[in-house]
Amino acid sequence: DFKPGIIYDLGGKFDKSFNEGVYNGAEKFKKEFGIEYRGFEIANDSQREQAMRNFARRGIDPILAVGFSQAAAVEKVAKEFPKVRFAIIDMVVNLPNVESIVFKEHEGSFLVGILAAMSAKSGKVGFVGGMDIPLIRKFACGYVGGVKHVNAKMDVFQNMTGSTGAAWSDPVKGGELAKSQFDRGADVVYHAAGGTGIGVLQAAADAGKLGIGVDSNQNHLHPGSVLTSMLKRVDVAAYNTFKAAKDGTWKAGFSALGLKEDGVGWALDDNNAKLVSADMKAAVAKATQEIVSGKIVVHDYMADSKCPY
Amino acid sequence: MAGPMGTDIPRWANVVVLPIVNLIAAFLVSGLVVLIIGENPLEVVQILIWGAFGFEEAIGYTLFYATNFIFTGLAVSIAFHCMLFNIGGEGQAYIGGLGITLVGLHFGFLPPIVLIPLCVIGAALFGAAWAFIPAYLQAKRGSHIVITTIMFNFIASSVMVYLLVNVLIQPGSMQPESREFGEAAIPFVHEALAWLGVEFAESPWNLSFLWALVCCVLVWGYVWHTRWGYEMRTVGTSPTAAAYAGISETKSIIVTMCISGALAGFLGLNEIMGYHHRLLLHFSGGYGFVGIAVALMGRSHPVGVCLAAILFGALYQGGAELSFEIPTITRELVIVIQGLVIIFAGALEFMFKPQVEAVFRWFMPRRSAAAPAE
Amino acid sequence: MEDFTLFVLVLDATLRVSTPLILAALAGLVSERSGVIDIGLEGKMLGAAFAAAAVAAITGSAWIALAAGIGVSVLLALIHGFACITHAGNHIVSGMAINIFVSGLTIVLGAKWFSQGGSTPQLPHEGRFMPLEWPGAEAVADVPVIGPLYSELLSGHNLIVYVAFLAVPFIYWMLFKTRFGLRLRAVGENPQAVDTAGISVFFLRYRAVIICGILCGIAGTYLSTAMGASFVRDMTAGKGYIALAAMIFGKWKPLPTMLACLLFGFLEAVAIRVQGAELPIVGQIPVQFIEALPYVLTVVLLAGFIGKAIPPKADGVPYIKEH
Amino acid sequence: MAPAIKLVGIDKSFGAVHANKDINLNVSAGSVHGIIGENGAGKSTLMSILYGFYKADAGDIFVNGEKLNIHASQDAIDAGIGMVHQHFMLVDTFSVLENIILGAEGGALLRKGVDKAREELNRLEREYELEVDIDALIGDLPVGLQQRVEILKALYRGAQILVLDEPTGVLTPQEADHLFRILNALKDQGKTIILITHKLREIMAITDAVSVMRQGEMVAHRETAKTSTEELAELMVGRKVLLRVEKGEASPAHAVLEVENLTATDKSGVVRVKGVSFNVRAGEIVGIAGVSGNGQSDLLAALSGITKVTGGKILINGKPFVGGPPQGAADVRHMGLAHVPEDRQRMGLVIPFEAWECSILGYHNEDECCRGPVIDRPKVIQESLRKMEAFDVRPQDPNLVTGNFSGGNQQKIVLAREIDRDPDILLVGQPTRGVDIGAIEFIHKRLIEMRDAGKAVLLVSVELDEIMSLSDRILVMFDGHIVGEIPASEANERILGLMMAGINPDDDEEAA
Ligand SMILES: Nc1ncnc2c1ncn2[C@@H]1O[C@H](COP(=O)(O)OP(=O)(O)OP(=O)(O)O)[C@@H](O)[C@H]1O
Ligand SMILES: Nc1ncnc2c1ncn2[C@@H]1O[C@H](COP(=O)(O)OP(=O)(O)OP(=O)(O)O)[C@@H](O)[C@H]1O
Ligand SMILES: [Mg+2]
Ligand SMILES: [Mg+2]
């Protein structure tokens, strides 16, 4: 019988960020098809392999590993259990029984950068990252690209919350960082900081400024104060993987989900409808089109560890 | 604390029975927590024990974690003998891992028989170096070592993130990790057993475990059988007597802390050289702090440290199986238990002493007529 | 002018960031003045932050939340007291244990109650301590110098910020001008002297520990219901340890302790703004360096620039009395 | 009239130590009542029970005829009992005033109480010759003044019954006389005084009645007028006491230890030894007398290499010695100096160590203890056993924890270690403090033997009897200086007492 499983990364499934996105996708799958799945949150690095092997041994299939840190474990365990199907998000593992899913976060960030630039009257916007790692710089770089695409003279303040794991879950510091950017004149602040971002959005709401959410749709957190959210559709990825496996259409291989694949995007709903003018919608739509068509190539920070904007 | 009382209670009552009573108390309170979150404590215990010892892989994992705890537990306990409270095991372990990584990255091509001793040296040097500064400040400037080692944990964390993100990261990789060192590594126990023709389930349990046991013996010998250990204990118990005897307090503090740091640094042997084969962010994952609990439980004696380390290893492994089996129980339950063990075995160490002694007196022939009236 | 406003804003942030440090450092000060070392400030704040956020999420009242935060913190303080005062346990071990225990328990309970991986839900406005605008703040905001000082720096903080700064003279007064303070200081220096003067050492120390709990409770409540708007795991992020360092800096005296807290707060506030900026000569400073700066500074200062920090003589020494 | 204090059947044990055994005591109102007993006889314990500091296992306390339930010190204070403890109960960082009002502040706020206290204290100071600067910090005051603060503290609380626990241990004979004048004044005011001491001279000088304790028991009560020192001494130790040590003439030879213009500081950097010069020759015992705290301890520490010498010269066997930590104490041993420290519990021994471990303290790096870095345990234990036999340490068990030996036996363990290696010079500090009379005789004999074997001995003691009976020459230290030297044959208590107070006896005679 069909029993899929998920191994979440260290942040845990309620990180309000992408682990939670995966969780939402899986829940959707569960509701739709009435199929139970197993989830496991690891407590330390050594448990990745253990949990994966545990799953595989108990006949759980497919196994979805969330986060780039799981790559080594997937590589190892997938070799041991060649009959079990594995999937990994945010990293590539080249094995015949592994599906690798990565996202082009820079493209989504580019779009919200455009929106930020257009709604910032002061000409200044901000970015608050979580832990200072390349992945987050990739978000930042795409965002800067979008802002400069609108107006090359605009200032973008950038802050990283810190260098330890706590940087993902320090909303108080996130709030302070955002406040400092508002103090310096920023009108909109985009966060890619997991739980820390909650503080960023809160600070924006408290200060009467705008925040931009990330990963999941966070517009509802402070209606009217969240300009939009950069969507990284890990929920869709999780859902699709499970569904494909159920339907027997699952394929190993590599997919990079960008705008074209609907893997990233921006959120528009009742909560932010008033904040996004027709002009802005048009500009984003245009940019989307140009990116999809290849006319605009958003720079990927991780390709060369540089940000040209 | 309690003076050398001329009581008629056998020594092992305080050394063995009391810690067990404390442990039971800690587990009873933990059971209460389990009840509060609406689960059945008995079932939890069952799963914990089965998850820790119920099958070969579980045993492997338990002993893998135990190896970590032996290293950090020894580190804390040797410092205790010099009356130093080394809260910095975490940072020293982390930096020790850096030493191993540098060796692994530069000499990964060497055969294991050469590489592994080099790693041991690398870990010891780096761990000791990180302990040296707080030790020096304590010995020479009187800066409180508890505070400085706490600060050094935070500093180590920042240093390592900086290095991983900017220096050691594999070019092109998004992960703040070093590259893999190559083939050479400390063999896994299941591999080693396979050479001997014994089959054992695969687990991260590796031969660092043997080195941990060797360290226990070395620490035991050092503390109780060498003149350096003698000097260290003298400084720890009576600094004035040490000054009288011409023993350098400064030297003892620094040497002890360096040994402590080196022992903590060995954590990386197990985690990095034995299992991950590359440097990970936060691989020290709190093991340094657990070392405090292990040292307290183990009464700072290597045998006690070993037993306590296995206990905590079992908790970690059993706890993982537990959250696997009962999803409503989060993995942090193990941290709660850990905290309770430190409270009961450490801070409330002697709370049950009167009761334990009373029980012993009950069973023992009375020798002193003048038992106190309390 | 621009620079001045910016500077005022940095000071403003300094006040916000320093508030929990001041409360926690004063808490540690009262405790250590009575002879009880407390490295469990972190745990007490964390416990209070959780309790406050949890209660605020359920009741929607900031005041009940504050009561809950204080209640939990005092309970933890009493456990510490029970270990250190009644059972003559090791103060550092007890403090450590409480930190570890609380960091686990808040998540276990939080996960059970709110099913958000240990966090609490976002708090509504009534569940939080919101900024208080002083009369006329709007009006004078544009007056040069005075304007920003009044409307940004003084006005517009939440109640707890003011409480923290008022707590400093209050604790000073309590320690040095009252009978209770005299006895409390005496018990931290020479408990036998207090005992033979006919005063209970245990009761005095318990009261000190309770005051410590109350202050930590306020600090924790501030984190989750005033500065932030929910509880997240390990949200104290080392503030308890920084407060401890500040107390040592301040040599166990209220006013210097507050200044030390302000210094650390200022550092953090500046760090947030310097981060990522290109500075002359040194270039861009790595964020990790800035993050480690308070810790490095603490070590450097402890190593000699503050002279000798002499703790109360009986600090951390259990008082054992034969009966 | 009912006795001021009446104790009936007081019993108290600390674990295995039975400190007070069924004690009865009557102290009549308006008298000075002495309690004597050897170290560890249980005097302090008894008084601490009276003062509510300890709780008796059994027995009743009556004050002015009324039965009193004393649970805490406050009850005793309320009943008008004041106590000056053997170890002062003062807060060093507080002012005199703060110390005095502690516990009797007169209101929740300090302000009012402080003003009233000033007035009251001025009155008390004048009335009883108890002058002291009430705004000075306690830590800055010499012990004699600290004691006055303790007395003031008790009087301030309105004490009618004053207990003084060995008040003269820290005083010169002259200061002690001043104290006795104060006590007499108090007595004239109708107050009752209990004076604890083990100095017979003081009992005879001031008390009206005296009770004797021995090993936890109250063995006798006497009216002072109807007893004698000899009787009291015998009651105290339970047998006839030999008050003089038998020894022959000394035949000193070359100087083994030469000290020239030595200065030294204590831990906090205060100069304690101020330009001291003397020598100790082979075959003689030189005694250093002085009230404790006048630099003797620091002199010993400097000579034995524990602390750094800040000026002057030390020659051992003609070779210069530069001491100071960390190596000093080890170096000096190699030069042939051994040191029996004043404080055996904190210096001479490591209390939680086993006896064999303590038997090599300071010599643990010597070749005979070790094979390489490893301590040769069997050999050390055997050596330790041999030394225990030679010095009659009981019990003869090298594996026993040091703390479980009695005080006298602990002292013998230290002596055995230091004397056994046959040093050229032996420094001895307070060799018989807290040691029973039998052990005292033994220790004194060994010191004389060492002298007769041609060794140099430097003896520091606060017991004038000990100094006078053992030494061949006596140096007196006062305020860091050596203020005089006299041959033992010419010394008596009065002369030494004056010198110990920094007064030249010749001047004093002229003045008289
Ligand atoms: N707190 C305590 N715990 C254990 N034993 C104690 C304690 N206080 C006193 N004793 C023991 O009780 C006995 C009597 O001690 P106490 O202090 O009353 O003697 P003392 O007559 O005052 O002697 P000294 O002249 O040395 O002051 C001693 O054997 C001592 O070791
Ligand atoms: N703190 C203690 N712990 C355990 N045993 C003790 C302690 N103090 C004393 N004892 C035991 O009690 C006995 C009496 O000790 P104490 O010090 O009162 O002896 P003492 O009669 O004063 O002898 P000495 O004259 O040699 O000092 C000793 O044999 C010792 O073993
Ligand atoms: Mg006494
Ligand atoms: Mg004795």
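Chain identifiers are assigned alphabetically (A, B, ...) following the order of the sequence lines, protein sequences preceding nucleic acid strands; residue numbering begins at 1 within each chain.
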Using heavy-atom distances under 4.5 Å, tell me whether A:E176 contacts chain C through its side chain, its backbone, both, or neither.
both
At what distance, to the nearest 0.5 angstrom, does CZ of C:R233 lie from CG of A:D170?
13.5 Å
To the closest 0.5 Å, what do you measure between NZ (A:K173) and CE (C:M235)?
13.5 Å
Tell me the residues of residues 12-19 of chain C whose non-hydrogen atoms fall below 4.5 Å from those of chain A, in number order.
C:A13, C:R16, C:V17
Assess the residue pair C:R128 and A:D206 against the criterion (salt bridge (Lys or Arg N to Asp or Glu O under 4.0 Å)); give the C-alpha distance rounded to whole Å, side-chain angles, the decisive distance to 0.1 Å, and a yes or no.
CA-CA 12 Å; C:R128 298 179 60 204; A:D206 288 353; 3.5 Å; yes
